[in-house]
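To start, the structure under review is shown below, and the notes come after it.
Letters A, B, ... are given to chains in the order of the sequence lines, protein chains preceding strands, and every chain is numbered from 1.
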There are 2 protein chains.
Amino acid sequence: MTSNFFKDIHEATKNGVAYKNIRLKKKILAYFATNETATIAELSKEFNISIPKINECITELSEDELVKDYGKSTSAVGRKPNTYGLVANSAYFIGVQVGSENLSISMINMKKDIVSKKDNIPYVLENNEESLLAICKEINQFIDKHNILKAKILGIGINLSGRINYRTGYSYSYFNFYEDPLSKFFEENIGIPTFLENDTKALSYAEFSSGILSEEKDALFVNVDNGIGLGIMINGQLYYGKSGFSGEFGHISIFDNDIICKCGKKGCLETEASGYALIRLVTEQINNGATSSLTKKFKKLEDIKLNDIIAAAKKDDNLCIEAINHIGDKLGRGIASLINIFNPELIIIGGVVAKSEEYLSLPLKNAVNKYSLSTVNRDTKIILSFKNENLASYGACLLLRDRLLNITD
Amino acid sequence: MTSNFFKDIHEATKNGVAYKNIRLKKKILAYFATNETATIAELSKEFNISIPKINECITELSEDELVKDYGKSTSAVGRKPNTYGLVANSAYFIGVQVGSENLSISMINMKKDIVSKKDNIPYVLENNEESLLAICKEINQFIDKHNILKAKILGIGINLSGRINYRTGYSYSYFNFYEDPLSKFFEENIGIPTFLENDTKALSYAEFSSGILSEEKDALFVNVDNGIGLGIMINGQLYYGKSGFSGEFGHISIFDNDIICKCGKKGCLETEASGYALIRLVTEQINNGATSSLTKKFKKLEDIKLNDIIAAAKKDDNLCIEAINHIGDKLGRGIASLINIFNPELIIIGGVVAKSEEYLSLPLKNAVNKYSLSTVNRDTKIILSFKNENLASYGACLLLRDRLLNITD
DNA sequence: TCGTATTTGTAAAAATTTTTAATAACTAAA
DNA sequence: TTTAGTTATTAAAAATTTTTACAAATACGA
C-alpha cells in the first residue's frame with residue numbers, strides 16, 4: 001500500500017498547519033535524498049524546527065513507510081542518536097531514453113539504486129504516431145513485467161532528442177502533432193505522471209550526479225558523439241535558458257571553413273570537432289590516397305563508423321590517430337571559450353569519441369591552455385567519462401526523482 | 001536613531017522563536033524591496049503565515065521605522081486594506097566605481113532612490129597603497145559631506161576592474177598586497193561593512209535591474225568599451241563561476257588572425273570586435289591612405305579616441321561607419337555563440353561603442369541571424385543601452401542593497 | 001440614504017510548537 | 001565496576017501561532 005503522504009502532497013486545499021507539515025516533511029525527505037541519513041538533532045538544526053516537532057514528522061513518515069530507522073550513529077561521546085533515512089523501495093521512478101535506433105528503460109528506487117534496466121530495445125524513431133505508440137507499448141510492458149503497484153511508481157521521465165520544454169511538457173522536434181503537451185499523451189497511455197527531458201540534459205545530470213562535484217556545482221558536460229551536445233549545470237541545477245534550448249555548443253561559429261554543417265550553416269564547431277568531422281576527415285584522406293588499416297576492413301567507406309576509427313587508433317593506426325588529434329585540438333579551442341565564459345569547476349567530456357582517451361584529451365588540453373586565459377582555466381578540471389552509453393535513462397530517473405523530491409527546482 | 005532590527009540580524013545567539021521572527025521580518029523586507037508595497041493579506045499568503053502574525057511583524061517593523069503605512073489600496077469590493085512598504089530613508093547604501101582615471105560614488109536609500117551622486121572625481125588608479133588610501137579618503141569625505149549617521153549606512157560596495165572574489169573580499173588584480181582581504185582594509189579605514197565587486201558585473205546588475213526582464217531572468221550584458229566585458233544573469237542572479245572569473249567573453253578564440261590581443265593571445269574576439277579594434281581599424285586605414293574627417297582634426301593618430309570615431313560616424317564619415325560595421329559584424333558572430341549556448345531572453349549591448357547605434361546594431365543583428373540557430377535566437381531580444389557611463393556605482397549600490405536585504409544570494 | 005455583500009483588522013479561543021526539565025543511554029576514566 | 005560527563009529521547013509546562021468569530025470599513029444597488 002502506498003502512503004498517504006504522496007496523496008497529501010497534491011491536495012492543495014489544506015489549512016495552514018497541515019500545509020506546513022507537508023512542506024516540512026518534503027524538506028526532510030529532500031534532505032534524506034541528498035544526505036542518505038540524518039539524526040533528529042541534525043534535522044532540527046538544519047530547518048530550525050524543534051526536536052519534538054521533527055520527531056513527530058519522522059514518526060509519521062515512518063508510519064507511512066517512507067522513512068525508517070537506520071540504527072545508531074557512531075558519535076564519540078554521550079548517548080548515541082538514532083539515524084533515519086529513506087526506505088529504499090517505498091517508491092520507484094522510471095526513466096526512458098528514446099534513441100534513434102533503440103530504447104533504454106531504467107527503474108530506480110528512492111535511494112537511487114537501479115532496480116531494473118533494459119537496454120537496446122529494438123525501436124525505430126520516426127516522427128509519427130505509430131512510433132510514439134511503440135514507446136508507450138514498451139514502457140507498459142516494462143512496467144507489467146515487474147510486480148510493482150503502479151501507485152508506487154511516482155513518475156516516468158522520457159528523454160527525447162531535440163527541443164523540449166520540460167516545464168510545459170511540449171516536444172518541438174518529435175511527436176509534435178497534438179495540441180496537448182506530449183507529456184499528457186504519455187500520461188493518458190500509461191497512467192503515471194510523465195515528464196519530458198532533452199536527452200543531453202538528462203545524460204549530463206547523470207554525469208554530474210556521480211559525486212565529483214564540490215559545493216558550488218558549476219560544471220559542463222560535453223557529449224561528443226556524431227554531433228556535439230552540451231549540458232550546463234549552474235549552482236547544482238541544470239540550466240535551460242528561456243525556452244529550454246540552451247547548450248547548442250556544436251553550432252557556435254568559430255571556423256572560417258566551407259564545410260556545411262548538419263544545421264545548414266558554415267563554420268560551426270561541429271564541422272571540425274565532432275564524430276561527423278572525424279568520419280569525414282578519415283574518409284576524405286583515404287579517398288586522397290592515404291593508407292589505413294581501415295581500407296582493408298571496409299570496402300565501402302560509408303560503412304566506417306565512429307567506433308571503428310577509435311578502435312583502429314587504439315591499434316596504432318596513424319591516420320586515425322591524427323584525425324582524432326585534429327578533433328581534440330579543435331574541440332579544445334571551443335572548450336577554451338566555454339572556460340573563459342563559465343569559469344566552471346569541472347568539464348566532463350563524454351560520448352563515443354571520448355573513448356579515444358589520450359588521443360583526444362592531450363591535444364584537447366593543450367588547445368585549452370593555448371586558447372583560454374590561464375587565470376581562468378587554472379580552476380577547471382577536465383576529465384573524460386567512459387560511462388555506459390545507456391546512462392541517459394538512468395539520468396532521466398535521477399532527474400525525475402530529484403525534481404519530485406524537490407531537491408532540484 | 002537606527003532600529004534594533006539590524007543589530008538583531010547579526011546576533012547569532014537567539015533562540016528558535018526569536019530567530020524565526022528575524023527571518024520572517026527579513027523576508028518581509030525583501031518582499032517590499034522587490035514589490036514596493038503589499039497588504040498584510042498578501043504577505044500572509046506569500047509566506048504561509050497567519051494574518052495576526054504578519055500583523056505583529058509589520059507593527060514591530062513600523063516601530064523600528066523600517067516600514068510604514070502607504071495608505072489604502074484600491075481593490076474593487078469590500079473593506080480596503082492598508083498597504084505597507086519600506087521607509088525610504090531608514091537606511092542607505094553607498095556604491096563606488098573605481099575607474100582608471102576617476103572615481104564615481106553614489107548613495108541610494110532603501111527604495112533605490114539616488115540620494116547623492118558624485119561623478120568624475122579626479123583619481124589615478126595605481127597598484128599601490130597610496131592609490132588605495134586615496135579611495136578611502138574620497139569615500140570618507142563623501143560620507144562626511146552628508147548629515148547621515150554612519151550606523152544608517154548599511155554598507156559600501158566597491159567596484160574594481162579585474163579579478164575579484166566577492167565572497168571572500170579578496171582582490172587579485174589590484175591592491176593585492178595585504179594578507180587580509182581587501183574588503184577588511186576598507187572596513188577598518190571607513191568603519192562601515194564593505195563588499196568588493198567586479199566592475200562589469202556591478203554595471204550589468206544595474207542594467208538588468210532596469211525592469212526589462214521577465215520572470216525567468218536569464219540575460220546577458222555585453223559591455224563594449226576598449227575591451228569587451230560580459231555580465232551573466234542566470235535565474236535573476238549574477239553568475240560568478242568557480243572563483244568569480246566568469247564572463248571573459250572578450251578573450252574567446254574565434255578568429256584566425258595574427259593580431260596580438262591585450263591578453264597576449266591571438267584570435268580573441270577582442271582583436272576584431274572591441275573599441276581597441278575599432279581604433280586600430282581606423283588608424284590603420286588612414287595610415288594606408290584612406291581619407292576621413294578625422295585626418296583634419298587630429299595631427300597625431302594616437303590621439304583619436306573611441307568617442308571621436310563614433311561622433312565622426314554620426315556625421316557620415318564613411319571610413320568610421322565601415323569600421324563600426326565591421327566591429328558589429330564580428331561582435332555579432334561572437335554574440336551568436338552566446339545565444340546558442342545560453343538561449344537568453346535578453347542581451348543588452350552597452351559601453352561606449354553602443355553609442356554608435358544602428359551602425360553597430362544592424363550588422364550585429366544580421367550576423368546573429370547568420371551565425372546562430374534560428375530556433376534558439378528567436379527567443380532573444382537584443383537591445384542597445386545608452387545609459388550614463390557612471391551607472392556602475394549605482395550598480396554597486398543596488399547589488400549591495402539586494403544582497404543585504406537577501407533578495408539575491 | 002440605507003441595507004447588503006464583501007473584505008479587512010482585531011480579540012479571544014483553540015491548537016500547535018517550543019522550551020524546559022527529567023530521564024534514559026552511552027563513553028571513558030577512576 | 002562505578003561514577004562523572006555527555007548526548008538523546010520523552011513528558012510536561014510555557015509560549016507562540018493559528019483559527020475562529022466578530023466588528024469595522026467600503027462599494028453598490030435598491
On the nucleotide [N], are OP1 or OP2 found under 4.0 Å from the side-chain N or O atoms that [X] carries?
{"X": "B:Asn82", "N": "C:dT8", "value": "no"}
{"X": "B:Lys53", "N": "D:dT17", "value": "yes"}
{"X": "B:Lys20", "N": "C:dT18", "value": "yes"}

Length of the [atom1]-[atom2] vector between [X] and [N], whole Å:
{"X": "B:Lys72", "N": "C:dT8", "atom1": "NZ", "atom2": "P", "value": "11 Å"}
{"X": "B:Leu43", "N": "D:dT18", "atom1": "CG", "atom2": "P", "value": "13 Å"}
{"X": "A:Tyr19", "N": "D:dT18", "atom1": "OH", "atom2": "P", "value": "14 Å"}
{"X": "A:Asn55", "N": "C:dT17", "atom1": "CG", "atom2": "P", "value": "13 Å"}
{"X": "B:Leu24", "N": "D:dT17", "atom1": "CG", "atom2": "P", "value": "9 Å"}
{"X": "B:Ile51", "N": "C:dT7", "atom1": "CD1", "atom2": "P", "value": "12 Å"}
{"X": "A:Asn48", "N": "C:dT17", "atom1": "CG", "atom2": "P", "value": "15 Å"}
{"X": "B:Glu56", "N": "D:dT18", "atom1": "CD", "atom2": "C1'", "value": "12 Å"}

Quiz item: Under 3.5 Å, is there a donor-acceptor pair between the A:Lys53 and A:Asn21 side chains?
Solution: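 Side-chain D/A pair, A:Lys53 to A:Asn21: present.
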
Quiz item: So does A:Arg79 reach the base of D:dA8 with its side chain, donor to acceptor, closer than 3.5 Å?
Solution: yes

Quiz item: Considering only side-chain heavy atoms of A:Asn21, which listed nucleotide, D:dT9, C:dT17, C:dA11, is closest?
Solution: C:dT17

Exercise. Just compare D:dT19, C:dT18, D:dT9 and give me whichever is closest to any side-chain atom of A:Ser50.
Key: C:dT18

Exercise. Looking at every strand, decide which applies to B:Ile49 at a 4.0 Å heavy-atom threshold: base, sugar-phosphate, or nothing.
Key: sugar-phosphate

Exercise. May I ask you to say whether A:Lys217 pairs ionically with A:Glu345, meaning some side-chain N is under 4.0 Å from a carboxylate O?
Key: no

Within the side chain of [X], is there an N or O that forms a donor-acceptor pair under 3.5 Å with the backbone of [Y]?
{"X": "A:Thr83", "Y": "A:Gly71", "value": "yes"}
{"X": "A:Lys201", "Y": "A:Gly244", "value": "yes"}
{"X": "A:Ser106", "Y": "A:Lys117", "value": "no"}

Practice problem: Identify, between A:Ala41 and A:Val17, the residue whose nearest nucleotide on DNA chain D lies closer to the 5' end. | Solution: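 Result: A:Ala41.
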
